[in-house]
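Below: one structure, written as C-alpha cells.
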Amino acid sequence: MKKACITGTGSYVPEKVLTNFDLEKFLDTSDEWIVTRTGIRERRVAADGEYTSDLAAHAARRALEMANVEAEEIDFIVVGTITGDFPWPATACLVQDKLGASKAIAYDVSAACSGFVYAIDAAVSRIESGRSSKALVIGAEILTRVVDWQDRNTCVLFGDGAGAVVLEATEEDRGILSTHLHSDGSCWELLYQPGFGSRNPASDDGLKARLPFLRMQGNEVFKIAVRSLSDVAIEALEANGLTSTDVDLFIPHQANRRILDATAKRLGLTDDQVYINVDRYGNTSGASIPIALDEANRAGRIKKGDMVLLDAFGGGFTWGSALIRW
Ligand code: ACO
C-alpha cells in the first residue's frame, strides 16, 4: 500500500501584531496575568479585507513551492477551519479558486482545534486507497473575528494564521505512519460558538446577547485537554511499537503553555523534544499545528527519517494524533 508523505510545508501569519500590552489598553487584564496563565505574549490579527481563504492560499502557495508541485497537479484540497470566509461554501473551494487548482475536489473539515489532524486523516485515507495522489491539507483561522473582545476570559487566548502541507503518494517506507482520531459530543457546551446557526439564527437580540462569539469554560477544557492529548499521543506511539524517547519532535496544538507543559510532562518528553510557538501566535485553532510544523521544518529542526508526532485537541470535543517518519 502506498503511503502519504509530506513533501512541502508552508505557513502565513498576518502582519499586525497585537501584544498583551496592547490588550491592557482596552481590557481589564495584564501582560503578567496572560503570560503566567497561558504563556502567550502576542498574537497576529488579520487586516481589514483579509479573509481566511487569503491566509490559507498564502500558506498553500509556500507549501506547493517547497514541494515543487503546481496547483493544477493537486487533486484534493481539505481545509480544517471553524472560521471560514462564509458558513458555506467551503473555504477549501475558495482556496481552490485562488490557487487555480482546477482538478481538485475541495471541502472543509469542522473539528475546531483538531481540524488539521482530522484533515490529514482525510487526505491519508484518499492517498492510501489510491483515490488521490497529490493533496493540499490546510489549517486556517481568523479567530479574532469570533472572539468577544469584551470577554477577557477568552479573547486574550486566540490569534489568526494558516499553515499547509502538500501530501504525495510514495512507495517509500516513510510519511504518515498512522492517524488516531476521537470525538466526544457530550462536552460540546464547554467550548462553542452559540450563534448564528440553525439553533440560534441571526437576530438583533442574539447579537445583543453576544451569541456570535466563542464561549468557553476554561477550567474544564484544561483538564480534559491534557488527559486527551496525552492519551492519544501514547496511542500513536504504542500502535507503532515506540515510546516517547523515539520522538524527535512533538508538535502539539498550541492552546496554551500550561496545557503543553502538563502534556509533555505526562508523556515524559524533554523540552528539546517539544515545539512551542504559542508565545508568539496564541491559539490559532486548526492553524496552530501546521504553522508550527512549517516553522520547525524551515528552521532545520526536522531531518529526513525523524519521528514527528502531531497532537491536537479542540471543541466538539475532538482530539487526534498523527505519527510521521519524515
Ligand atoms: N486578565 C486578568 N484576569 C483574568 C483574565 C484576564 N485575561 N481572564 C480571567 N481572569 C480572572 C478571572 O475573572 C478570575 O477572577 P476571579 O478570581 O476574581 O473570579 C481569575 O482570573 C481566575 O480565573 P480562572 O478562569 O480560574 O483562571 P485559570 O487559572 O483557570 O486560567 C485559562 C484561565 C487561562 C483560560 C485556563 O483555564 C486555561 O488555560 N484553560 C484552557 C483553555 C484553553 O486553552 N482552551 C483552548 C484549548 S482547546 C482549543 O484550543 C479549542
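In each ligand, atom 1 is the first atom listed, and ligand 1 is the first ligand listed. Just so it is clear, the model here is predicted, and its values are computed rather than measured.
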Once you measure the plane-to-plane angle for Phe313 and Trp319, does it fall in the parallel (<30°), tilted (30-60°) or perpendicular (>60°) bin? tilted
Residues [X] and [Y] bridged, charged N to O under 4.0 Å:
X      : Y      : result
Arg215 : Asp151 : no
Arg131 : Asp75  : no
Asp231 : Arg227 : no
Glu50  : Lys16  : no

Within 4.0 Å of [atom] (strictly less), any protein heavy atom?
atom                    : result
atom 14 (C) of ligand 1 : no
atom 44 (O) of ligand 1 : yes
atom 28 (P) of ligand 1 : yes
atom 1 (N) of ligand 1  : yes
atom 7 (N) of ligand 1  : yes

Does Gln96 reach the main-chain N or O of Ala101 with its side chain, forming a donor-acceptor pair under 3.5 Å? yes
Sidechain-backbone polar pair: Gln254 side chain, Pro252 backbone, donor-acceptor under 3.5 Å: yes
Should Gln193 and Ile82 count as side-chain neighbours, where that means a heavy-atom distance under 4.5 Å? no
Nearest to [atom], what protein heavy atom do you find, and at what distance?
atom                    : result
atom 34 (C) of ligand 1 : Thr38 CG2, 3.8 Å
atom 11 (C) of ligand 1 : Arg152 NH2, 3.6 Å
atom 36 (C) of ligand 1 : Arg258 NH1, 4.1 Å
atom 30 (O) of ligand 1 : Asn219 OD1, 2.5 Å
atom 39 (O) of ligand 1 : Asn256 ND2, 2.4 Å
atom 33 (C) of ligand 1 : Trp33 CH2, 3.9 Å

Within ligand 1, which atoms have a heavy atom of [X] less than 4.0 Å away?
X      : answer
Gly218 : 37 (O), 40 (N), 41 (C)
His253 : 49 (C), 50 (O)
Cys113 : 49 (C), 50 (O), 51 (C)
Ala255 : 44 (O), 47 (C)
Val156 : 7 (N)
Ile259 : 41 (C), 44 (O)
Arg37  : 22 (C), 27 (O), 28 (P), 29 (O)

Between Ser178 and Asn240, is the side chain to side chain donor-acceptor pair (under 3.5 Å) condition met? List the steps. CA-CA 8 Å; Ser178 63; Asn240 291 278; 2.9 Å; yes
Of the listed options (Thr284, Thr318, Leu260, Asn283), which comes nearest to atom 46 (C) of ligand 1 when hydrogens are ignored and any heavy atom counts?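 Shortest heavy-atom distance from atom 46 (C) of ligand 1: Asn283.
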Pair Asp108-Thr81, side-chain donor/acceptor within less than 3.5 Å: no
Can you confirm whether the side chains of Thr9 and Asp294 place a donor and an acceptor under 3.5 Å from each other?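 Short answer, yes.
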Using a cut-off of 6.0 Å, state whether more than 12 heavy atoms not belonging to Lys2 lie near its atom NZ. no
Can you confirm whether Tyr51 is buried at OH, in the sense that more than 12 heavy atoms of other residues, nucleotides or ligands lie under 6.0 Å from that atom?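 No, not enclosed.
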Examine the proximity of ligand 1 to [X] and report which part, side chain or backbone, both or neither, has a heavy atom under 4.0 Å away.
X      : result
Leu191 : side chain
Leu27  : neither
Asn153 : both

